[in-house]
Amino acid sequence: MCFIPSYKKITDEDFVRRLARANEIIKKCTSCPRNCFADRTIGEFGTCQSEDKPIVSSYSPHFGEEPVLSGTNGAGNIFFGNCNLRCDYCQNFVISQNPKVEINHKVSVDRLSDIMLELQNMNCHNIGLVSPTHFTVPILKSIKIARQKGLNIPIIYNSNGYDSIEILKLYKDVIDIYLPDFKYGDNISGRRYSKASDYFDKASLAIKEMYEQLGSELIYENGIVVRGLIIRHLVLPNGLAETEEVFKFISRELDPRVHVSVMAQYYPTNRASKNILLDRKITQTEYVRVLDLLEKYGLENGWIQEMDSHEFYLPNFDKDREDPFGNKRLFESAFNKVG
């Protein structure tokens with residue numbers, strides 16, 4: 001049997017109910033834990049510096065996700081502009097922290113639905129919503145439109161982890177694959193490096209909600225994941241991510257069978273060069289210690305990136321919005337499976 005995405009199974013009445021609540025949320029915005037209470041429908045900006053129309057900075061088949069998501073045809077990634085975090089080391093800072101330029105890439109919800117269909121017509125395995133948190137309300141509207149137009153591939157919610165529980169509940173049985181970052185194991189690092197003083201508190205709750213929706217099992221079709229949860233963790237220099245606390249939470253509060261993707265691609269870009277603790281790549285010793293922590297907490301499922309993977313993941317949004325990451329062959333050896 002062919003896999004049927006969850007959003008295809010929701011009744012129109014259920015979708016209308018969810019959208020009604022979503023419209024209330026964005027008028028007094030609590031789309032993310034910032035709870036800015038801005039009325040984005042009349043042009044007020046919250047921390048994300050965004051109105052209610054989605055900003056699509058780039059979209060294309062992407063071959064740099066985990067192999068079970070990129071497959072042979074690529075993930076159909078849609079990169080949304082602006083962000084609800086302010087990470088000092090953000091590799092996508094050209095589009096995530098440049099609102100005066102990115103506002104020029106606003107699109108309607110109908111246009112966003114057409115972009116999803118374009119990526120499906122390119123034979124992408126899925127639709128990857130990259131940094132969707134601050135646009136969750138218009139995205140939900142676009143998914144409803146796109147399914148009516150014939151969208152029938154899984155949708156990936158690829159977020160920074162700093163997500164609203166209420167929004168995630170509205171996305172239950174809409175999203176088939178959650179791909180959150182779990183950036184920090186404490187609030188101090190979240191405040192210092194992403195300007196979110198409660199990052200760990202909020203991200204741990206959000207990821208727990210994702211787990212409760214999808215569990216620890218990955219469902220495959222033709223070698224590609226079509227449903228499940230994969231938690232990403234980027235290793236930072238000098239232990240700044242408090243990785244042990246992240247892994248401890250996953251193992252003890254969720255399930256050690258959850259798939260974890262450990263990423264070695266850190267590179268000191270954006271404002272990182274101005275911070276002595278962030279201004280270098282990670283060392284082999286630091287990375288090995290992180291891999292040892294996987295074993296310590298019994299996290300045996302997932303993927304690990306090769307050292308020096310950063311060279312594959314530095315996008316060039318300034319010069320090429322259609323293919324910011326370059327040729328797919330660059331990514332063929334970036335990940336190793338564990339478990």
* Going through the distances and angles, do Glu242 and Tyr184 end up as a side-chain contact (heavy atoms from CB on, under 4.5 Å)? -> CA-CA 6 Å; Glu242 294 294 336; Tyr184 309 107; 5.8 Å; no
* To do: Under the side-chain hydrogen bond (donor to acceptor under 3.5 Å, both in side chains) rule, what do Thr11 and Asp14 come out as? Steps first, then yes or no, please.
  => CA-CA 5 Å; Thr11 66; Asp14 190 2; 4.9 Å; no
* Show your reasoning for whether side-chain hydrogen bond (donor to acceptor under 3.5 Å, both in side chains) applies to Tyr297 and Glu244. => CA-CA 9 Å; Tyr297 289 100; Glu244 182 159 9; 2.6 Å; yes
* Start with the C-alpha gap between Ser216 and His259, add the side-chain angles, then the distance that decides, and say whether side-chain contact (heavy atoms from CB on, under 4.5 Å) holds. => CA-CA 7 Å; Ser216 58; His259 288 69; 5.9 Å; no
* **From CA spacing to verdict: ring-ring contact (aromatic ring centres under 6.0 Å, His included), Tyr89, Tyr266** => CA-CA 8 Å; Tyr89 50 86; Tyr266 177 80; 5.7 Å; yes
* **From CA spacing to verdict: ring-ring contact (aromatic ring centres under 6.0 Å, His included), Phe317, Phe79** => CA-CA 10 Å; Phe317 289 107; Phe79 291 87; 5.7 Å; yes
* Report the C-alpha separation of Glu102 and Ser57 in whole Å, then their side-chain angles, then the decisive distance to 0.1 Å, and conclude whether the side-chain hydrogen bond (donor to acceptor under 3.5 Å, both in side chains) test is met. => CA-CA 7 Å; Glu102 295 313 300; Ser57 297; 2.5 Å; yes
* Step by step, work out the salt bridge (Lys or Arg N to Asp or Glu O under 4.0 Å) result for Asp12 and Arg147. => CA-CA 11 Å; Asp12 286 339; Arg147 78 166 188 165; 2.6 Å; yes
* Intermediate values then yes/no, salt bridge (Lys or Arg N to Asp or Glu O under 4.0 Å), Glu13 and Arg18 -> CA-CA 9 Å; Glu13 292 77 12; Arg18 295 175 192 230; over 6 Å; no
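Using a 4.5 Å heavy-atom cutoff, the side chains of Arg192 and Asp88 are not in contact. Considering only heavy atoms from C-beta on, Asn238 comes within 4.5 Å of Arg280 through its side chain. Residues Ile224 and Pro154 fail the side-chain proximity criterion, which asks for heavy atoms closer than 4.5 Å. In this structure, Ser261 and Arg232 have side chains that are in contact, with non-hydrogen atoms separated by less than 4.5 Å. Between Tyr199 and Arg191 the shortest side-chain heavy-atom distance does not fall below 4.5 Å. Tyr59 is not listed as a side-chain neighbour of Arg321, based on a closest heavy-atom distance of 4.5 Å or more. Between Phe93 and Asn98 there is no side-chain heavy-atom pair separated by less than 4.5 Å. No side-chain heavy atom of Ile153 sits under 4.5 Å from any side-chain heavy atom of His125.
The aromatic rings of Tyr178 and Tyr157 stand perpendicular to each other, their planes meeting at an angle above 60°, with 30° marking the opposite boundary. Between Phe200 and Phe182, the ring-plane angle classifies as parallel under the 30° and 60° cut-offs.
Both Ile115 and Phe135 sit in one connected hydrophobic cluster of ILVMFWY residues. Membership requires side-chain heavy atoms under 4.5 Å apart, directly or through other members. Linking ILVMFWY residues whenever their side-chain heavy atoms come closer than 4.5 Å, directly or via other members, places Tyr287 and Leu240 in the same cluster. Neither Phe80 nor Ile103 shares a network with the other; the hydrophobic side chains, linked directly or stepwise wherever heavy atoms of I, L, V, M, F, W or Y lie under 4.5 Å apart, form separate groups for each. In the hydrophobic clustering of this structure, Leu205 does not group with Leu179; members are Ile, Leu, Val, Met, Phe, Trp, Tyr whose side-chain heavy atoms approach within less than 4.5 Å, directly or through other members. Tracing side-chain contacts under 4.5 Å through hydrophobic residues (I, L, V, M, F, W, Y), one never reaches Ile145 starting from Val174; they form parts of separate clusters.
Residue Lys141 places its NZ atom among more than 12 non-hydrogen atoms of other residues, nucleotides or ligands, all under 6.0 Å distant. Counting non-hydrogen atoms of neighbouring residues, nucleotides and ligands closer than 6.0 angstrom, the CZ atom of Arg257 reaches no more than 12 such neighbours. Enclosure of atom CD in Gln148 by more than 12 non-hydrogen atoms of other residues, nucleotides or ligands within 6.0 angstrom is indicated. Around the CG atom of Asn104, the shell of radius 6.0 Å holds more than 12 heavy atoms that belong to other residues, nucleotides or ligands. The number of heavy-atom neighbours closer than 6.0 Å to CG of Leu277, taken from other residues, nucleotides and ligands shown, is above 12. The neighbour count for Ile42 CD1, taken as heavy atoms of other residues, nucleotides or ligands under 6.0 Å away, is above 12.
Summarising the geometry of Ser159 relative to Met210, their closest heavy-atom pair is OG-CE, 4.1 Å, with the distance given to 0.1 Å. Scanning all heavy atoms of the two residues, the minimum distance from Val56 to Leu112 falls at CG2-CD1, 4.0 Å. The two atoms that bring Ile177 and Ile175 nearest to each other are O-CG2, 3.2 Å, heavy atoms only. Listed here is the closest heavy atom pair of Ser142 and Met116: CB-CE, 4.1 Å. The shortest heavy-atom contact between Pro54 and Ser108 is CG-O, 4.4 Å. Closest approach of Pro99 and Gln49 over heavy atoms only: CB-CB, 3.8 Å.
We find that Glu245 and Lys248 are joined by a salt bridge, their nearest charged nitrogen and carboxylate oxygen being less than 4.0 Å apart. Asp114 has a carboxylate O that lies under 4.0 Å from a charged side-chain N of Lys149, or vice versa, which qualifies the two as a salt bridge. Ion pairing between a basic and an acidic side chain is recognised when a charged N comes within 4.0 Å of a carboxylate O; Arg271 and Asp279 show no such pairing. A salt bridge between Glu286 and Lys281 is absent, with no side-chain N of the basic residue lying under 4.0 Å from a carboxylate O of the acidic one. The pair Arg289-Asp292 fails the salt-bridge criterion, with no side-chain N (NZ, NE, NH1 or NH2) lying under 4.0 Å from an Asp/Glu carboxylate O.
Distance alone, capped at 3.5 Å, is enough to place a donor-acceptor pair between the Thr136 side chain and the Thr133 backbone. Although no hydrogens or angles enter the test, the distance criterion places a donor-acceptor pair under 3.5 Å between the side chain of Asn23 and the main chain of Leu19. Judged by distance alone, the side chain of Asn123 and the main-chain N or O of Asn73 form no donor-acceptor pair under 3.5 Å. Under a 3.5 Å cut-off, the side chain of Asp198 and the backbone N or O of Asp201 do not form any donor-acceptor pair. One N or O on the side chain of Gln120 and one on the backbone of Gly150 form a donor-acceptor pair closer than 3.5 Å.
For residues 156-181, the set of pairs meeting the salt bridge (Lys or Arg N to Asp or Glu O under 4.0 Å) definition, not counting sequence neighbours, comprises Arg21-Glu166, Lys169-Glu209, Asp176-Arg227, Asp181-Lys183. Listed by first and then second residue, the salt bridge (Lys or Arg N to Asp or Glu O under 4.0 Å) pairs that reach into residues 36-62 are Glu51-Lys106, sequence neighbours excluded.
Applying the side chain to side chain contact (heavy atoms under 4.5 Å, CB included) test to Thr285 and every residue at least two apart in sequence or in another chain returns Thr283. Scanning for ring-ring contact (aromatic ring centres under 6.0 Å, His included) contacts around Phe247 gives His233, with sequence neighbours left out.
With a 4.5 Å cut-off between side-chain heavy atoms of Ile, Leu, Val, Met, Phe, Trp and Tyr, the cluster of Val288 takes in none.
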Identify all side-chain donor-acceptor contacts of residues 28-37 below 3.5 Å with residues at least two apart in sequence or on another chain.
from, atom 1, to, atom 2, distance (Å)
Arg34, NE, Asn84, O, 2.9
Arg34, NH1, Lys195, O, 2.7
Arg34, NH2, Asn84, O, 3.0
Arg34, NH2, Lys195, O, 3.0

